[in-house]
Amino acid sequence: VYTEKGEDFYHDDLVYVFYIFCRYMFFRKGFREPTTVQRMIIDFISKETDKDKLVQAPRGSGKSYIGQLKTLFDLNRNNNEVVLVRSASDKRSRNWTTFLINTIKTTPILQHLAPRSSQRKSTELFDVNGAEVSDSPSVSSYSIGATVTGLRSTKTVLDDVEVLKNSNTPTARETLTDQVTECFNLLSETYNAKDEAITGEVLVLGTFQSSESIYIDMIRSGMYETLIIPAEYPPLNAWYEEFVSEDVLNVSRTQPEMIGRAIDERLNDKSLARKKLLGRSNYELHYMLNPNLTDELKYPLKLKDLIITD
């Protein structure tokens, strides 16, 4: 039994139920219960599906942290998982690895995973105790632009691989798309207890950076099981009705007075009012997760905005 904030957590529950594991880890970090949006993300990435998964949630919603917890949860259940993490920058990627190894060392239910002295351990990669000998480490993290020839993974996490710097021109977006596609070629095939082949899986976590975001084609391709949760209950237009979480849409349909109100307790109405001051186009992309910007939002500076004095 493990106790946090006066609540008992049982070993088997922490090993087999991702939501309970997340609550335990949230409490250990000093957080409150997972919020509405965080519960949606937790439920989504833990459900079984034949497709890879793509999550779009507002900035500050904790999607990366939940992705990190899922990596730890999977490694605890299967020491032979091989996880490859890709982010837009080397620094962001290394932060993932550093967080994971430090969490393993300081969390009682995970401490048995700490690498032995004979295993690999660095800011870019590490092995977990109990893993079979392999040329690919248990966890490795690199920028999306780095060369990773020879690496293989059973799970790949693409965490905010798109930023303005690597997606601000058609050529840059084409290059980024090719780099994302290459990640699928690194997935290895394993076999279950019935000797059935299981291909590795990809989890994409991100936020639109422009109205030409590479995530748009990824979502429309049908390759991914997609979860999109805007910061507010959205209007019932074609984009939202096709791709937004059904739980969110049901509120917009049955309680139209809630449209425009915050979904989450953390990113509440007061918090979002401040975010809107950053500009309408940024707010639509980063918080409403709406890449279908009108010309007025794409090009906000108009002749009518000019002030002429003599």
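Excluded from the calculations below are hydrogen atoms, water molecules and symmetry mates; all remaining heavy atoms, backbone and side chain alike, are included.
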query = If you draw a 6.0 Å radius around CZ in Phe184, do more than 12 non-hydrogen atoms from other residues or ligands fall strictly inside?
reply = yes
query = So how far is it from Ile219 CD1 to Leu289 CG, rounded to the nearest 0.5 Å?
reply = 8.5 Å
task = I would like to know whether Ser210 and Ser213 meet side-chain hydrogen bond (donor to acceptor under 3.5 Å, both in side chains); could you show each step before the answer?
result = CA-CA 5 Å; Ser210 72; Ser213 169; 5.7 Å; no
task = Assess the pair Tyr65 and Phe31: is the distance between their ring centroids shorter than 6.0 Å?
result = yes
key: Heavy-atom neighbours of Glu241 CD exceed 12 at 6.0 Å   = yes
Compile the donor-acceptor pairs under 3.5 Å between side chains in residues 53-62 and protein atoms, sequence neighbours left out, one pair per line.
| unit_1 | atom_1 | unit_2 | atom_2 | d |
| --- | --- | --- | --- | --- |
| Lys53 | NZ | Ile45 | O | 2.9 |
| Lys53 | NZ | Lys47 | O | 2.6 |
| Gln56 | OE1 | Phe208 | N | 3.4 |
| Ser61 | OG | Pro58 | O | 2.7 |

key: Asp127: which of Arg120, Gln119, Lys121 passes side chain to side chain donor-acceptor pair (under 3.5 Å)   = Arg120
key: Flag side-chain contact, heavy atom, 4.5 Å: Lys105 against Gln111   = no
key: side-chain hydrogen bond (donor to acceptor under 3.5 Å, both in side chains) assessment of Asp90 paired with Ser143   = CA-CA 5 Å; Asp90 287 324; Ser143 71; 3.2 Å; yes
ask   = Would you call Arg253-Glu246 a salt bridge at under 4.0 Å N-O?
value = yes
ask   = When you measure from the side chain of Ser252 to the backbone N and O of Pro235, does any donor-acceptor pair fall under 3.5 Å?
value = no
key: Arg23 with Glu7: basic N within carboxylate O range, under 4.0 Å   = yes
ask   = Could you state the interatomic distance from CD1 (Ile101) to CH2 (Trp96), rounded to the nearest 0.5 Å?
value = 14.5 Å
task = Could you check Thr97, Asp159, Asn95 and say which one makes a side chain to side chain donor-acceptor pair (under 3.5 Å) with Ser141?
result = Thr97
query = When you measure from the side chain of Asn166 to the backbone N and O of Glu162, does any donor-acceptor pair fall under 3.5 Å?
reply = no
ask   = Linking I/L/V/M/F/W/Y whenever any side-chain heavy atoms sit under 4.5 Å apart, do Met288 and Leu278 land together?
value = no
message = Determine whether a donor-acceptor pair (N or O, by modelled atom type, separation under 3.5 Å) exists between the side chain of Arg39 and the backbone of Pro34.
response = yes
task = Could you check if a side-chain atom of Tyr233 sits within less than 4.5 angstrom of a side-chain atom of Asn250, using non-hydrogen atoms only?
result = no
query = Is there a path of hydrophobic side-chain contacts, each under 4.5 Å between heavy atoms of I, L, V, M, F, W or Y residues, that connects Tyr16 with Leu72?
reply = yes
ask   = Centroid-to-centroid, Phe9 to Tyr2, below 6.0 Å?
value = no
task = Using a 4.5 Å cut-off on heavy atoms from C-beta on, say whether the side chain of Leu227 contacts that of Phe243.
result = no
inquiry  = Taking the basic N atoms (NZ, or NE/NH1/NH2) and the acidic carboxylate oxygens, is any pair closer than 4.0 Å for Lys155 and Glu81?
reply    = yes
ask   = Looking at Ile263 and Pro230, what are the two nearest heavy atoms and their distance?
value = CD1-O, 3.1 Å
key: Test item: Asn80 side-chain N/O and Glu132 main-chain N/O as donor-acceptor pair under 3.5 Å   = yes
ask   = Going by heavy atoms in the side chains, are Ser93 and Val85 under 4.5 Å from each other?
value = no
Heavy-atom donor-acceptor pair, Thr107 side chain to Leu110 backbone, under 3.5 Å = no
message = If you compare all heavy atoms of Ile42 against all heavy atoms of Phe18, which two are closest, and at what distance to 0.1 Å?
response = CG2-CD2, 3.6 Å
ask   = With distance as the sole test, does Asn129 use its side chain to make a donor-acceptor pair with the main-chain N or O of Leu113 at under 3.5 Å?
value = no
task = Supply the atom-to-atom distance Ile104 CD1 to Leu75 CG, rounded to the nearest 0.5 angstrom.
result = 6.5 Å
ask   = Counting N and O atoms only, with roles assigned by atom type, does the side chain of Arg173 sit under 3.5 Å from a partner on the main chain of Ser167, one being a donor and the other an acceptor?
value = yes
query = So, for Asn290 and Leu285, which heavy atoms are closest and what is the spacing to 0.1 Å?
reply = O-CD2, 4.0 Å
SB check Arg86 Glu182 (cutoff 4.0 Å) = no
query = Is any side-chain heavy atom of Thr226 closer than 4.5 Å to a side-chain heavy atom of Tyr224?
reply = yes
query = Distance from Met218 atom CE to Asp52 atom CG, nearest 0.5 Å?
reply = 9.0 Å
ask   = Is it the case that more than 12 heavy atoms not belonging to Asn102 sit under 6.0 Å from its CG atom?
value = yes
CA sep, side-chain torsions, deciding dist, call: Asp160, Ser87, side-chain hydrogen bond (donor to acceptor under 3.5 Å, both in side chains) = CA-CA 6 Å; Asp160 283 330; Ser87 295; over 6 Å; no
ask   = Can you name the nearest heavy-atom pair linking Glu225 to Lys51, along with the distance?
value = N-CB, 3.7 Å
task = State, without any angle test, whether Asp264 and Thr36 hold a side-chain donor-acceptor pair at a distance under 3.5 Å.
result = no
ask   = When Ile, Leu, Val, Met, Phe, Trp and Tyr are grouped by side-chain heavy atoms lying under 4.5 Å apart, directly or through other members, which residues fall in the same group as Leu186?
value = Leu84, Leu125, Tyr142, Val148, Leu151
task = Report the C-alpha distance between Val37 and Ile41 in whole Å, list the side-chain angles of each, state the deciding distance to 0.1 Å, and finish with yes or no for side chain to side chain contact (heavy atoms under 4.5 Å, CB included).
result = CA-CA 6 Å; Val37 168; Ile41 298 172; 4.0 Å; yes
inquiry  = For Arg261, I'd like to know if atom CZ has over 12 heavy atoms of other residues, nucleotides or ligands within 6.0 Å.
reply    = no
ask   = How long is the span from the CG atom in Asn185 to the OG atom in Ser188, to the nearest 0.5 Å?
value = 12.5 Å
note = Of all heavy-atom pairs linking Gly200 and Leu187, the shortest is O-CD1, 3.5 Å
ask   = Under 3.5 Å, is there a donor-acceptor pair between the side chain of Ser46 and the main chain of Asp43?
value = yes
task = Indicate, with yes or no, if Ile259 and Val248 share a hydrophobic cluster defined by side-chain heavy-atom contacts under 4.5 Å among Ile, Leu, Val, Met, Phe, Trp and Tyr.
result = no
ask   = Taking NZ, NE, NH1 and NH2 as the nitrogens, is one of them in Arg220 or Glu242 under 4.0 Å from a carboxylate oxygen of the other?
value = yes
ask   = Any donor and acceptor pair, going by atom type alone, linking the side chain of Ser140 with main-chain N or O of Ser136 inside 3.5 Å?
value = no
task = Supply the atom-to-atom distance Tyr19 OH to Gln38 CD, rounded to the nearest 0.5 angstrom.
result = 9.5 Å
key: Hydrophobic cluster membership, Val163 vs Ile214, 4.5 Å side-chain cutoff   = no
ask   = Met25 and Phe73: side chain to side chain contact (heavy atoms under 4.5 Å, CB included), yes or no, with the steps?
value = CA-CA 11 Å; Met25 296 302 294; Phe73 180 78; over 6 Å; no
ask   = How far apart are the C-alpha atoms of Phe27 and Glu33, what are their side-chain angles, what is the distance that settles it, and do they pass the side chain to side chain contact (heavy atoms under 4.5 Å, CB included) test?
value = CA-CA 7 Å; Phe27 289 175; Glu33 295 273 354; 3.5 Å; yes
ask   = Are Ile20 and Val15 grouped together when hydrophobic residues (ILVMFWY) are joined by side-chain heavy atoms under 4.5 angstrom apart?
value = yes
Donor-acceptor contact present, side-chain Thr154 to main-chain Val82, <3.5 Å = yes
ask   = Relative to the ring of Tyr287, is the ring of Tyr283 parallel (under 30°), tilted (30 to 60°) or perpendicular (over 60°)?
value = parallel
